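Quick caveat: nothing in here was measured; it's all calculated off a predicted structure. Just so you know, residue 1 is the first one in the sequence shown, and it goes up from there.
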Amino acid sequence: MGKAFASSADLADKQQTLEVLADGVYALTAEGDPNVGAIEGEDFLVCFEAMATPTAARAWLERLREHTDKPVRYLVLSHYHAVRVLGASAFDAQVIIAHDNTRALIAERGRQDWESEYGRMPRLFKDPDSIPGLTWPTLTFGDTATIPLGGDRGDLVLKYCGPGHTEGDIVAWLPRHRIMFAGDLVESQAALYTGDAHHRRWATTTLDAVAALGAETLVGGRGAVARGRDAVDAAIAQTRHFLDTLLREVGAVHAAGGTLKEAFDRAHAALADRYGQWPIFEHCLPFDVARLWDELSGTERPVIWTAARDREVWERLQG
């Protein structure tokens, strides 16, 4: 009997934990579900990531309101994936910020991604009818954007480090506290989703740029907060190791003229001992391998995932 499709059988609620990382800096983690965060300015809030639905986002905001009642001025979206952006309307943000490439990806494939991720991860879409439509940024940038936080709070720097998890990932960096919200460019104790990735650049120059910032606390896209430079370095190294292993194992099968299924089996064997018990490993790996196979075959930009393509790839590799 084949494995249940993606995360469709993962229906148990996860324990959410709100952590205060510094004065006015918050992260909400949830046992491998997508992480979110918030940073206080002098008289406003910057929220990082929007969750999958407005109903899910409102539950996060209720937790946040136990610590601050400042209005949300900025909502920062690290990339375009539905579970990160479709809850945006709950924040009533004056400005929604993303990378230039993220806006282009929403226009090109936002609707298909919504349908795909809803099918893969239905539990995250609490009250899907509360979603008013696609989320569109109102402000985009190419390299760096800076939000002055006011008073003695310093700046929040939004930075594009290069193609990685998608074409448009950004990190949010607090130089004063040396805290980074890395989105899905880095995972800490969680497997990687690379179905829309640029593996070779992510594993090299992009992660190099993330590491060069010198964070001492890092909130990855999923998993535990990495506290201390050693833990941050370990999270970045873990992310790079996952990518390097995929590149090596899938690349060997591709170079030898093998099949996609052979590449999947080889990658699974190489990764399962270290990552197999971590969140979403079995869910992600078929889509990871399929994207990398395309990349190695010369398809520079990821093929759009649709609900139908999801099922076809899953049955071929995990069925």
Side-chain angles (χ1 to χ4, degrees), residues 6-7 10 14 16-17 19 21 27-37 48-49 51-52 77-84 117 120-121 124 159 161-173 179-204 206-211 213 215-247 267-268 270-289 291-292 302:
S7 291
D10 179 11
K14 303 294 191 261
Q16 294 183 335
T17 302
E19 302 183 46
L21 306 181
L28 187 76
T29 62
E31 300 181 313
D33 277 358
N35 296 333
V36 296
F48 187 78
E49 312 286 40
M51 302 191 122
L77 306 177
S78 69
H79 62 285
Y80 79 98
H81 284 148
V83 294
R84 302 286 181 182
E117 296 213 333
R120 294 186 193 182
M121 296 172 280
L124 297 181
K159 184 170 179 59
C161 294
H165 174 73
T166 72
E167 294 173 14
D169 301 88
I170 59 174
V171 302
W173 169 234
I179 295 173
M180 179 188 297
F181 292 87
D184 282 318
L185 283 176
V186 180
E187 307 293 9
S188 179
Q189 301 172 35
L192 272 63
Y193 176 65
T194 74
D196 294 299
H198 296 256
H199 292 79
R200 289 171 286 198
R201 292 187 64 182
W202 186 2
T204 55
T206 298
L207 280 180
D208 289 346
V210 173
L213 291 171
E216 296 176 3
T217 301
L218 184 146
V219 183
R222 294 173 183 261
V225 176
R227 296 175 180 269
R229 189 57 189 268
D230 288 347
V232 171
D233 289 345
I236 294 171
Q238 169 207 300
T239 302
R240 199 188 304 267
H241 176 265
F242 192 105
L243 293 166
D244 286 344
T245 303
L246 270 180
L247 283 159
H268 193 285
L271 291 164
D273 282 350
R274 179 166 177 178
Y275 301 100
Q277 300 306 309
W278 285 3
I280 68 171
F281 172 76
E282 295 290 350
H283 167 162
C284 292
L285 196 61
F287 309 117
D288 296 352
V289 172
R291 164 54 192 155
L292 179 52

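For Arg274, the salt bridge (charged side-chain N to carboxylate O under 4.0 Å, His left out) criterion is met by no residue, not counting sequence neighbours. Glu167 pairs by the side chain to side chain contact (heavy atoms under 4.5 Å, CB included) definition with Asn101, Leu105, His198, Arg301, Pro302, not counting sequence neighbours. Residues forming a salt bridge (charged side-chain N to carboxylate O under 4.0 Å, His left out) with Glu216 (at least two apart in sequence, or on another chain): Arg178. Thr204 pairs by the side chain to side chain contact (heavy atoms under 4.5 Å, CB included) definition with nothing, not counting sequence neighbours. With sequence neighbours excluded, the residues satisfying side-chain hydrogen bond (donor to acceptor under 3.5 Å, both in side chains) with Ser7 are His283. Considering only residues two or more places apart in sequence or on other chains, Trp173 meets the ring pair (Phe, Tyr, Trp, His ring centres under 6.0 Å) condition with none of them. Residues forming a side-chain hydrogen bond (donor to acceptor under 3.5 Å, both in side chains) with His199 (at least two apart in sequence, or on another chain): Thr194, Glu295. With sequence neighbours excluded, the residues forming a side-chain hydrogen bond (donor to acceptor under 3.5 Å, both in side chains) with Arg84 are Asp184, listed by chain and number. Residues passing the side chain to side chain contact (heavy atoms under 4.5 Å, CB included) test with Ser78 are Phe48, Glu49, sequence neighbours excluded. By the side-chain hydrogen bond (donor to acceptor under 3.5 Å, both in side chains) test, Thr206 pairs with no residue at all, sequence neighbours left out.
Between Gln277 atom CD and Glu282 atom CD the span is 8.5 Å, to the nearest 0.5 Å. To the nearest 0.5 Å, the span separating CH2 on Trp278 from OG on Ser188 amounts to 7.5 Å. Atom OG1 of residue Thr29 and atom CD of residue Glu19 lie 4.5 Å apart, to the nearest 0.5 angstrom. Within the model, atoms CG of Asp10 and CD1 of Ile280 stand 10.0 Å from one another, a figure rounded to the nearest 0.5 Å. To the nearest 0.5 Å, atoms CG (Asp33) and CE (Met51) are separated by 7.5 Å. Note: Leu285 CG to Phe242 CZ = 6.0 Å, rounded to the nearest 0.5 Å.
Of all non-hydrogen atoms in Val225 and Ala27, the two that sit nearest each other are CG2-CB, 4.4 Å. Met121 and Val83 get closest at one heavy-atom pair: CE-CG1, 3.8 Å. Scanning both residues, Leu185 and Gly164, for their nearest heavy atoms gives CD2-CA, 3.9 Å. Considering all non-hydrogen atoms of both residues, Val210 and Cys161 come closest at CG2-SG, 3.9 Å. Pairing each heavy atom of Leu124 with each of Pro34, the nearest pair is CD1-CD, 3.9 Å. When all heavy atoms of Lys14 and Ala30 are compared, the closest pair comes out as CB-O, 3.4 Å.
Remark: side-chain polar atoms of Asp196 are not paired, donor with acceptor, to backbone N or O of His165 under 3.5 angstrom. Remark: the backbone N or O of His79 is not paired with any side-chain donor or acceptor of Asp169 at under 3.5 angstrom.
Cation-pi geometry between Arg120 and Phe287 is met: under 6.0 angstrom from the ring centre, within 45 degrees of the axis.
With contacts defined as side-chain heavy-atom distances shorter than 4.5 Å, the pair Leu207/Leu243 qualifies. Taking the side chain as every heavy atom from C-beta outward, Leu21 and Arg227 approach each other to under 4.5 Å. Side-chain contact check for Asp288 versus Tyr193: some heavy-atom pair is nearer than 4.5 Å.
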Steps toward side chain to side chain contact (heavy atoms under 4.5 Å, CB included) verdict (Thr245, Tyr275): CA-CA 11 Å; Thr245 303; Tyr275 301 100; 5.6 Å; no
Test log, rule side chain to side chain contact (heavy atoms under 4.5 Å, CB included), inputs Val289 and Leu246: CA-CA 7 Å; Val289 172; Leu246 270 180; 4.1 Å; yes
Donor-acceptor pairs under 3.5 Å, side chain of residues 233-240 to any protein atom, not counting sequence neighbours: which ones?
unit_1 : atom_1 : unit_2 : atom_2 : d
Asp233 : OD1    : Arg229 : NE     : 3.1
Gln238 : OE1    : Gln189 : N      : 3.1
Gln238 : NE2    : Glu187 : O      : 3.0
Gln238 : NE2    : Ala190 : O      : 3.2
Thr239 : OG1    : Glu187 : N      : 3.2
Thr239 : OG1    : Glu187 : O      : 3.4
Thr239 : OG1    : Ala235 : O      : 2.9
Arg240 : NH1    : Ala203 : O      : 2.7
Arg240 : NH1    : Asp208 : OD1    : 3.1
Arg240 : NH2    : Asp208 : OD1    : 3.2

